[in-house]
Amino acid sequence: MRITVRYFGQIAEITNKEKEVLEFSGHTISELMESLYSKYTLLKTKDFQVAQNQELVALKTELTGQEIALLPPFAGG
Amino acid sequence: MRITVRYFGQIAEITNKEKEVLEFSGHTISELMESLYSKYTLLKTKDFQVAQNQELVALKTELTGQEIALLPPFAGG
Amino acid sequence: MKDKKPKSVFKEGAISSEFIGNSIYKHQTKTSIGAHNIFLGQVRADVIDNKTVSAIEYTAYEEMSNAKFHEIREAAFEKFELTCMHIYHSLGKVNVGEICLFVFVSSPRRKVVFEALEFIVEAIKADVPIFGKEIFEDSTHQWKQNN
Amino acid sequence: MKDKKPKSVFKEGAISSEFIGNSIYKHQTKTSIGAHNIFLGQVRADVIDNKTVSAIEYTAYEEMSNAKFHEIREAAFEKFELTCMHIYHSLGKVNVGEICLFVFVSSPRRKVVFEALEFIVEAIKADVPIFGKEIFEDSTHQWKQNN
């Protein structure tokens, strides 16, 4: 499956990019995260939530989305 | 006792003045009101509070003040 | 930073949007502030018995009002951690759509401004001897009453 | 009178006091309004480990943020009897003392604007994916986090 992964704020500082397109064969958000943790080891030290197609999802959620985003703590206002 | 009585809003419409100085021998706010009711009969039909020296007082309060004000319902804002 | 001294609350006529904008601008030098909350009272074109309000003419027992505004300020500074607070109320004629009350509170953090603003506005409505004559388009009038 | 359609919430850079004043001015033709309530978020010169914040640089997951702002608007119109509602948030650099968030609600009566404004501001803080990089005077930075 082709997935666009987007990084924001301090997460983008760690990945050193704001976006990438991955070819991924896993089935859950959790599996995708494991793959990203091994690619970006510092990611494990950071607090973030995951959105799939612009909705926050739990780690056990099935991976269906074209767009996954790693969202650090919100700071609006 | 020399008392300044002040009228506001719809009360001033009834008394047709905003202020008057009265020579008064009674001892309570209530007695003063009776005197004003007989002078301005329509006053009885209106809702108002009484302030003595800029503080709201009850009718039974002793008359001590130089300035009595008849205050119709507040409408600030 | 706290400007607690009493000031003139009453302004003749409506409070302009420029005045409000300028008041906001003046707070940009106060860099400990994180949150402002502003209440504006605007004169409504209420329809009563088929007659439409065109303006409210405000009068006040000014000496007592200023004393009450001062008490409200002191109580609000006592209860809430505010950096500053400003209150302006119109006297005289304010047309429909124009602003007659401007209350402005500022604090380092947001929670406090919500509570403080509501406290102040409710106290003004309840405790300050201001009177409002609602003038209809046909020049008749009735007296406004807060609820 | 209700303007419920989604609009652009994000503005590049700080929100000026003139813009806010002008927005207030535009509401003076809406004569069913009796009460406005405005929240302004201002960038604080916080001191952290002896370093002073000089600006916040805002970024956002814009597509998701706009969807969330829309949900918040719909929920607020559903819950509260509002005549109108406007939300503006900065993107990019906002210096200390400048305004980064402007929320403006209006209603015929006052009680509803207090509740509605707090509801909207808390929802923005909690639910909208906006990120803030606090830049210190020495050009180092840290990431802001809402509480």
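Order of the sequence lines sets the chain letters (A, B, ...), proteins ahead of strands, with each chain counted from 1. Quantities reported herein were computed from a predicted structural model and do not represent experimental measurements.
Within residues 23-32 of chain A, no residue has any heavy atom under 4.5 Å from a heavy atom of chain D.
Of all non-hydrogen atoms in Phe119(D) and Ile72(D), the two that sit nearest each other are CE2-O, 4.2 Å. Closest heavy-atom contact between Cys100(D) and Val43(D): SG-CG2, 4.2 Å. Nearest heavy-atom pair, Val94(D) versus Ile99(D), reported as atom, atom and distance to 0.1 Å: CG1-O, 4.0 Å. Of all the heavy atoms in Ala69(A) and Phe8(A), the pair that sits closest is CB-CE1, 4.1 Å.
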Using only the distance criterion (under 3.5 Å, no hydrogens considered), which donor-acceptor pairs connect chain A with chain D?
residue, atom, partner, partner atom, Å
Arg6(A), NH1, Glu63(D), OE1, 3.3
Arg6(A), NH1, Glu63(D), OE2, 2.8
Glu13(A), OE1, Trp143(D), NE1, 2.9
Glu13(A), OE2, His141(D), NE2, 2.5
Glu67(A), OE2, Tyr61(D), OH, 2.4
Phe74(A), O, Asn146(D), N, 2.9
Ala75(A), N, Ile130(D), O, 2.7
Ala75(A), O, Lys144(D), NZ, 3.1
Gly76(A), O, Asn146(D), ND2, 3.0
Gly77(A), N, His89(D), NE2, 2.7
Gly77(A), O, Lys125(D), NZ, 3.3

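Side-chain contact check for Leu56(A) versus Leu71(A): some heavy-atom pair is nearer than 4.5 Å. Between Leu70(A) and Val5(A), the closest side-chain pair of non-hydrogen atoms falls below 4.5 Å. By the 4.5 Å heavy-atom criterion applied to side chains, Val21(A) and Ile3(A) are not counted as neighbours.
Checked against ring pair (Phe, Tyr, Trp, His ring centres under 6.0 Å), Phe114(D) has the following partners two or more places apart in sequence or in another chain: Phe39(C). For Tyr37(A), there are no ring pair (Phe, Tyr, Trp, His ring centres under 6.0 Å) partners at least two apart in sequence or on another chain.
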message = I'd like to know whether Thr41(A) forms a side-chain contact (heavy atoms from CB on, under 4.5 Å) with Leu43(A), so could you lay out the CA-CA distance, the side-chain angles of the two residues, the decisive distance to 0.1 Å, and finally the verdict.
response = CA-CA 5 Å; Thr41(A) 50; Leu43(A) 219 49; over 6 Å; no
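Of the atoms belonging to Ile130(D), heavy atoms from both backbone and side chain fall under 4.5 Å from chain A.
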